[in-house]
Amino acid sequence: MASSMPLAPTPPMGWNSWNMFGSAINEDAVRGTADALIASGLKDCGYNYIVIDDCWSVKESRDSDGNLVADPEKFPGGMKALADYVHSLGFKFGIYSDAAEKTCAGYPGSLGFEEQDAKLWASWDIDFLKYDYCAAPEDQATAIERYTTMGNALKNSGREFLFSLCEWGGRSPHLWGREAGGHMWRVSGDIFDTWVNVWMPTWNGYGLGVDVSLDIAADLHSYGGPDRWNDLDMLVVGLKGKGHIPGGGLTFLEYQTHMSLWAFACSPLMIGCDVRAMDTETAGLLMNREVLAINQDALGIPGYRVKQNRGLEVWRKPLSDGTTAVALFNRGSAGADIKFTASEIGMLDSSKLVRNLWKQEDIADFTTDFSCRVQPHETVLLKITGA
Ligand code: GLA
C-alpha cells in the first residue's frame, strides 16, 4: 500500500548530470560527484539526490528481452553497482527516461515499456525518475495518460520512486501532475546559463534565461506545496559558461538572484555544475544555510510577489516559525532603493528585526516601512521577525 507520508515534504535537493555533462556522463563522473558532494559539505546541506539525466543507456536499442541496457562504455560496472556506491554514501539515486519511443537525445524511451522499465529500475534500487516528454504528442490528454501510466508503473514496481515530470509546463502539469503520481514538475523550458532568453532556431523556441523564471514562478506559486513542487529546472549556479548547455554564464549577482528565486519559489534545488571543481564563490551560493532554510521551510509555501514596479519587485514567503521572508529583486539595469511597508508583507506596525540572509547579519529594525538599496540584477533576501 502506498504510504501517506509525503516523499517530498520539502523541495527535493540534489545534483543532476545534464547541465554540465550532457551525453558525456559516465560512472567516474557520478562517483566523483558523489565524493565531492560529501567532501564539500553539500550533502550535509541537504543535497541528497544524485540523478543521471539523458544518454545513460545503449542508444541503438533495448536488449533481446526488451530491457534498457546501461551503456557498457560509460557505465562498465552497471547501474546496480553504481546505485550501491551512491547509497553507501547516504545518497538517493535517480535516472531518466521519456514518455515516447525516444528521449530528447534520441535514446530509447519508455512508451509501451513502462512496467518493465519501472521493475528494472527498482531491481537496480533506483529512487527517482525524471520523465521527459520529447517526441510525444502535444495535447494535454495524452500527456496525462502517459505520465499516469508511468506513475502507476512506478507504484507497482515494489520500490518507492520520487517521480519528476518534465513536459516543460505547456500542458499545465501543476493541475494534474500530483494525481499522475508526480512529486515535482517542470514549469518551463530548458534553462540556459544566461540572464536573458536565447533563441534556438533548431528548437523553434527559446532557451530560458534566469530573469524570465521570475514571471513563471510568480504565476504558479499557489500550486506548489509538499509533494507537488513547481520545478524551475536544474540550477546553473557555478557553470560559468563551462557546462553542456548554451550561455556564457551569469555574473555573481545574477547567480545569487537565480539561487534566491529558486529558494524563494520552493523549486527543487538540483545542482547542475561540476561540484568536483567548485570555486568558493559557487560554494557560498549553494551552501548558505539561511537561504536553504527558506527553500526547505516546513510550511512549504512558495513565495509570491506582493508588488512590482519597473523591474523592482517585492516578494513575500511566510515561514513556519511565524517570521516572514522577503525578497527584493532588481531586474533593472540601475541600482535602486526598493521599499515596502509592514502591511504589504502581512505584518503589523510594530517593531521588527530585519536580517539579511545572504550576509547572515541583522541589519536593521523598522516599524512601518523599510527601504533597501539593491544593485542591478541583485536580490536581497530578508527575514523579518516581529517583536
Ligand atoms: C530535455 C529536458 C532537459 C534534459 C534534456 C536531455 O531538454 O528538458 O532537462 O533532460 O531533455 O536530453
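Reckoned from all heavy atoms, side chains included, excluding hydrogens, waters and symmetry mates. Start at 1 and go down the list; that is how both ligands and their atoms are numbered.
- When ring centroids are compared, His183 and Trp229 stay outside the 6.0 Å threshold.
- Sparse packing is recorded around CD of Glu179, with 12 or fewer heavy atoms of other residues, nucleotides or ligands lying under 6.0 Å away.
- Considering only residues two or more places apart in sequence or on other chains, Cys55 meets the disulfide (SG to SG under 2.5 Å) condition with none of them.
- Within 4.0 Å of ligand 1, the residues that place a heavy atom are Trp18, Asp53, Asp54, Tyr96, Cys104, Ala105, Lys130, Asp132, Cys166, Trp168, Arg186, Asp190, Met234, listed by chain and number.
- Between the side chain of Thr323 and the backbone N or O of Leu319, no donor-acceptor pair lies under 3.5 Å.
- Crowding of Lys80 atom NZ: a count of heavy atoms from other residues, nucleotides or ligands under 6.0 Å exceeding 12.
- Between Trp203 and Trp168, the distance from one ring center to the other does not fall under 6.0 angstrom.
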